[in-house]
Amino acid sequence: MSASAAYQSSLELRFDEPRRPLRAVATVLGAVLALAVLGAPLGLLWAALAPDTPVLKTAEGAIYAEPQPEQPIAADGWFSLLGLAFGLLVALALWFLLRRRRGPVGLLAAVLGSLVAAPVAWQVGRRIGLATFDRLLATAPAGQAFSKPADLRAGGVDWLLGVLPVPHGNLLLPAFGAAVMYTLLAGWSRWPGLRPEPDPAEFSWVSVGTPAPPAAPEPPAPDATEPPRG
């Protein structure tokens, strides 16, 4: 067996697992579910950082207390920054946690998981204080001031054919950050297969089954005495 063949066979035994589509699908679905759960604390963090908007109760409903409030813009900005950072961290985490699934499977898990986590974070964050706002909107007298919890104006979810949810706007930023970071990690990887590979120096270039050649006899020393001739 040649040295290159021995090295290749060792790589196949140690790192090249058989392709199992069901296992890859299960990996993606598990990552998506885990990231969807992480969308809840992301939404809580967004609700804590994004400011509420002051409003006034009128006969027609609630109106902004200021002509051009900055709070809705700040809410969109905070969500965009947090969502982008979330996507970057997701790509980093999956790159190291799913080492054997690096490549298209890992990228798909990072992008889909971030895409699902974003609407979860939005819905969780916007509902913090929403019940109080709805109660005041229904019962407060005209002229009373209160605040509206943070919400998004630059993002949302459209329903394709009334069945498939399609996020848009800054809800896409987590998935964008995950895709960019994962692609950069793959581009900077020093392994062609993206997964860690053993150093070729670890393998002997001589096959185990090949016997070592016999050592050549050493030449006699120049001053060695010749054996007696009979």
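Here, residue 1 is the first one in the sequence, and each next residue gets the next number. Predicted model only: the values in this text are computed from it and were never measured.
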| said: A quick test of your reading: do over 12 heavy atoms of other residues, nucleotides or ligands sit less than 6.0 Å from CD of Gln123? | reply: yes
| field | CZ-CG distance between Arg127 and Leu44, expressed to the nearest 0.5 angstrom | value | 13.0 Å
| remark: Nearest heavy-atom approach of Ala75 to Asp151 is CB-O, 3.6 Å
| message | Quick one, Pro72 and Tyr64 - any side-chain contact, counting heavy atoms below 4.5 Å? | response | yes
| task | Could you tell me whether a side-chain N or O of Asn170 sits under 3.5 Å from a main-chain N or O of Ser80, the two making a donor and an acceptor? | result | no
| field | Flag, side chain of Asp52 to backbone of Ser147, donor-acceptor distance under 3.5 Å | value | no
| query | Is it the case that more than 12 heavy atoms not belonging to Phe176 sit under 6.0 Å from its CZ atom? | reply | no
| Heavy-atom distance under 4.5 Å between the side chains of Asp158 and His168, does that happen here? | yes
| note | d(Leu108 CG, Leu112 CG) to nearest 0.5 Å is 4.5 Å
| request: Find the distance between CZ (Arg102) and CG (Leu97) and round it off to the nearest 0.5 Å. | output: 10.0 Å
| request: Calculate, to the nearest 0.5 Å, the distance between atoms CG and CG belonging to Leu82 and Leu45 respectively. | output: 5.0 Å
| Should the pair Phe79 and Trp46 be assigned to parallel (<30°), tilted (30 to 60°) or perpendicular (>60°) ring geometry? | perpendicular
| Which heavy atom in Ala175 sits nearest to a heavy atom in Val111, and how many Å separate them? | CB-O, 3.8 Å
| field | Minimum heavy-atom distance Ala109-Leu35, with the two atoms named | value | O-CD1, 3.9 Å
| said: In the structure I gave you, are the side-chain heavy atoms of Leu38 and Phe86 within less than 4.5 Å of one another anywhere? | reply: yes
| note | For Ala178 and Ala110 the tightest heavy-atom approach is CB-O, 3.8 Å
| query | What distance do Met181 atom CE and Leu94 atom CG have between them, rounded to the nearest 0.5 Å? | reply | 12.5 Å
| note | Of all heavy-atom pairs linking Thr183 and Ala179, the shortest is OG1-O, 2.7 Å
| field | Nearest heavy atoms of Ala140 and Lys57, plus distance in Å | value | O-NZ, 2.8 Å
| task | Verify the cluster assignment for Leu152 and Val157: are they in a single hydrophobic cluster under the rule of side-chain heavy atoms below 4.5 Å apart? | result | yes
| request: Establish whether Val163 and Val166 are linked, either directly or via other cluster members, by ILVMFWY side-chain heavy-atom contacts under 4.5 Å. | output: no
| field | Criterion side chain to side chain contact (heavy atoms under 4.5 Å, CB included) on Ile73 and Arg153, from CA distance to verdict | value | CA-CA 8 Å; Ile73 301 176; Arg153 297 195 305 177; 3.6 Å; yes
| message | Is there a path of hydrophobic side-chain contacts, each under 4.5 Å between heavy atoms of I/L/V/M/F/W/Y residues, joining Trp95 to Val105? | response | no
| query | Does one hydrophobic cluster hold both Leu42 and Val116, with members joined at side-chain heavy-atom distances below 4.5 Å? | reply | no
| task | Answer whether the closest heavy-atom distance between the side chains of Asp134 and Leu130 falls below 4.5 Å. | result | yes
| field | Verify same cluster id: Leu88, Phe96 (apolar side-chain graph, 4.5 Å) | value | yes
| message | Let me confirm one number: the CG-CG distance from Leu81 to Asp76, rounded to the nearest 0.5 Å. | response | 11.0 Å
| task | May I ask you to decide if Pro149's main-chain N or O and Arg126's side chain share a donor-acceptor pair within less than 3.5 Å? | result | no
| request: Indicate yes or no: at least one non-hydrogen side-chain atom of Lys148 is less than 4.5 angstrom from one of Gln71. | output: no
| said: For Gly103, is there any backbone N or O sitting under 3.5 Å from a side-chain donor or acceptor partner on Tyr182? | reply: yes
